[in-house]
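Everything below concerns the one structure shown next.
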Amino acid sequence: MANLVLDNVKKSFGAVEVIPGVDLDIKDGEFVVFVGPSGCGKSTLLRLIAGLEDVSDGDIRIDDDSVVNVPAADRGVAMVFQSYALYPHMTVRENLSFGLENIRMAKPEIERRVGDAARLLQIEQLLERRPKQLSGGQRQRVAIGRAITRDPKIFLFDEPLSNLDAELRVLMRVEITRLHERLGNTMIYVTHDQIEAMTMADKIVVLRGGIIEQYGAPLDLYNNPHNLFVAGFIGSPRMNFVEGKLTEIAETGSTFEAPGLPPMQLPGKIASTAKVGEAVTLGIRPEDFSVAREETGGWPVSIGVTEQYGANSYLHGTLPGDIPVLIHEAGQSTARRGDTLYVKARENHWHLFGADGLALAHR
């Protein structure tokens with residue numbers, strides 16, 4: 001196990017700056033997920049930690065020792081790739097032992113490590129098979145087992161579940177989380193899927209354009225996003241946004257207005273930087289709407305598409321001005337296409353952002 005520190009790490013490919021400068025401190029034994037849209041730099045950052053790419057500037061320290069000039073094989077890290085990267089002509093046993101044989105580890109120790117990894121991942125019955133004889137989930141277990149046999153200080157996962165079907169992804173999420181609980185090693189996991197991030201991580205790093213937008217526990221990011229980008233990225237389905245302005249600001253509450261919509265009261269204090277008349281964005285998660293069938297002073301929503309999931313319903317509609325909105329109702333909703341519902345933000349369940357995109361209030 002080990003702690004990891006990134007100190008103003010930068011990476012450029014020629015004149016293109018991919019990582020402008022990242023500072024990050026990952027504690028011993030944490031499960032940290034890098035998440036963000038495609039091209040945000042999360043895989044590049046992982047490869048810099050692994051030593052598969054050279055750092056343009058800055059420092060990477062593992063257990064307080066700089067590793068920027070240490071070869072990948074000597075950093076004490078093990079990486080699990082999206083493609084599994086198994087040797088097709090080797091059996092599972094040979095895939096698990098190959099790396100250890102290359103460093104001339106004693107045969108009894110290799111056998112012990114391979115056996116321990118196979119038992120931990122429940123692949124003992126697969127040891128004599130070749131990769132083409134395995135399912136996607138079994139291949140993923142073998143790829144993880146190969147990392148385990150190296151007994152690394154830090155595990156690195158680069159979108160390891162993206163090739164699996166939806167049901168198997170859920171099962172493997174649970175398996176990797178349980179593996180972390182059993183081993184206790186520091187793990188860094190890259191994904192574009194924020195559901196994976198929310199369900200697996202101790203801490204989430206949200207990246208955009210090679211810059212950390214926010215770093216913290218999953219529910220901290222969900223409940224207190226620092227800006228519009230994090231608010232829109234963390235949470236599934238995503239947060240609804242309505243642009244407007246504040247027409248009143250008081251200690252006890254404020255009034256939000258948007259073109260064509262009735263004023264909405266927002267109880268509670270907001271940041272002192274907020275000013276009457278300035279542009280703001282109100283954010284309300286789909287599950288945080290109070291929904292009425294009759295007009296009660298809320299915003300009218302014309303329902304277009306309804307999605308029934310049995311225990312949950314998602315209603316896609318539009319506000320006046322063709323503002324799209326998504327509503328989550330528990331259970332099986334009776335709403336249908338063409339219906340008009342009236343919505344308000346549930347008390348203390350809204351977010352407010354300034355013209356610069358930074359948070360003014362969370363409730």
Side-chain angles (χ1 to χ4, degrees), residues 31 33-34 38 42-44 46-47 49-53 71-183 185-193 195-196 199-200:
F31 194 127
V33 175
F34 294 169
S38 297
K42 53 189 182 296
S43 290
T44 299
L46 197 74
R47 293 174 66 83
I49 296 168
L52 301 178
E53 299 283 356
D74 299 327
R75 292 193 179 190
V77 303
M79 193 159 176
V80 179
F81 296 92
Q82 175 182 347
S83 61
Y84 314 136
L86 301 177
Y87 297 105
H89 63 288
M90 294 184 181
T91 64
V92 169
R93 186 188 301 277
E94 290 167 339
N95 267 282
L96 294 178
S97 63
F98 182 71
L100 306 182
E101 292 170 351
N102 275 354
I103 61 173
R104 302 186 185 280
M105 184 175 287
K107 188 173 182 180
E109 178 62 13
I110 294 176
E111 291 176 351
R112 183 190 68 79
R113 291 194 183 192
V114 169
D116 288 348
R119 281 189 293 275
L120 184 64
L121 296 169
Q122 299 179 352
I123 56 173
E124 295 165 284
Q125 74 281 11
L126 306 177
L127 288 174
E128 305 311 321
R129 296 187 189 180
R130 286 183 167 78
K132 68 180 180 180
Q133 298 171 300
L134 306 178
S135 68
Q138 289 170 336
R139 292 180 191 180
Q140 190 56 268
R141 282 188 174 88
V142 176
I144 294 171
R146 187 172 55 186
I148 290 173
T149 59
R150 294 186 57 188
D151 192 22
K153 295 178 180 179
I154 300 173
F155 285 89
L156 306 176
F157 294 88
D158 190 8
E159 303 207 44
L161 308 185
S162 59
N163 291 332
L164 305 180
D165 61 50
E167 183 177 359
L168 192 51
R169 283 174 73 112
V170 173
L171 294 175
M172 287 304 299
R173 278 204 318 251
V174 174
E175 288 295 327
I176 292 174
T177 303
R178 287 176 176 166
L179 179 67
H180 176 249
E181 291 174 352
R182 289 195 292 266
L183 296 177
N185 291 61
T186 305
M187 293 187 177
I188 303 173
Y189 186 104
V190 162
T191 181
H192 65 276
D193 185 340
I195 294 179
E196 286 183 14
T199 56
M200 300 175 72

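Values below: all heavy atoms of this structure, side chains included; hydrogens, waters and symmetry mates excluded.
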[atom1] of [X] to [atom2] of [Y]: how many Å apart, nearest 0.5 Å?
X	Y	atom1	atom2	value
Phe81	Arg146	CZ	CZ	8.0 Å
Ile176	Met172	CD1	CE	5.0 Å
Arg141	Ile148	CZ	CD1	11.0 Å
Arg139	Asn95	CZ	CG	11.0 Å
Arg47	Asp158	CZ	CG	7.5 Å

Distance-only check: which donor-acceptor pairs under 3.5 Å involve side-chain atoms of residues 114-124, not counting sequence neighbours?
| unit_1 | atom_1 | unit_2 | atom_2 | d |
| --- | --- | --- | --- | --- |
| Asp116 | OD1 | Arg119 | NH2 | 2.6 |
| Asp116 | OD2 | Arg112 | NH1 | 2.8 |

Any [X] side-chain heavy atom under 4.5 Å of [Y] side chain:
X	Y	result
Leu134	Val92	yes
Leu46	Met79	yes
Leu179	Met187	yes

Salt bridge (Lys or Arg N to Asp or Glu O under 4.0 Å): which pairs involve residues 78-88, sequence neighbours left out?
none
Restricting to pairs with a member in residues 91-106, which pass salt bridge (Lys or Arg N to Asp or Glu O under 4.0 Å), not counting sequence neighbours?
Arg93-Glu128
List the residues meeting side chain to side chain donor-acceptor pair (under 3.5 Å) with [X], not counting sequence neighbours, and say none if there are none.
X	result
Thr199	Arg173
Glu196	Arg169, Tyr189, Thr191
His192	Glu159
Ser162	Gln82

Using the salt bridge (charged side-chain N to carboxylate O under 4.0 Å, His left out) criterion, which residues pair with Arg113? Sequence neighbours excluded.
Glu109
Which atoms form the tightest heavy-atom contact between Gly137 and Leu168, and what is the distance?
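For Gly137 and Leu168, the tightest heavy-atom pair comes out as N-CD2, 3.4 Å.
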Gln125 atom CD: more than 12 heavy-atom contacts under 6.0 Å
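Yes, CD of Gln125 has more than 12 neighbouring heavy atoms, counting only those of other groups under 6.0 Å.
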Once ring-ring contact (aromatic ring centres under 6.0 Å, His included) is applied, what residue pairs with a partner in [range] remain, sequence neighbours excluded?
range	answer
residues 101-122	none
residues 104-149	none
residues 105-155	none

Before you tell me yes or no, could you show the steps for Val142 and Leu96 under side chain to side chain contact (heavy atoms under 4.5 Å, CB included), namely the whole-Å CA-CA distance, both residues' side-chain angles and the distance that decides it to 0.1 Å?
CA-CA 7 Å; Val142 176; Leu96 294 178; 4.3 Å; yes
Please test Val33 against Phe157 for side chain to side chain contact (heavy atoms under 4.5 Å, CB included), starting from the C-alpha separation and ending with a verdict.
CA-CA 9 Å; Val33 175; Phe157 294 88; over 6 Å; no
Could you list the residues that satisfy side-chain contact (heavy atoms from CB on, under 4.5 Å) with Ala143, not counting sequence neighbours?
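Only Val80, Tyr84, Leu86, Gln140 meet the side-chain contact (heavy atoms from CB on, under 4.5 Å) criterion with Ala143.
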Checking Gln133 side chain against Arg130 main chain: does a donor-acceptor pair fall under 3.5 Å?
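Checking the backbone N and O of Arg130 against the side chain of Gln133, a donor-acceptor pair under 3.5 Å is found.
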Side-chain donor or acceptor of Asn185 paired with backbone N/O of Pro152 under 3.5 Å:
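Present.
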side-chain contact (heavy atoms from CB on, under 4.5 Å) partner of Leu156, the single match among Ile188, Leu52, Thr186
Ile188
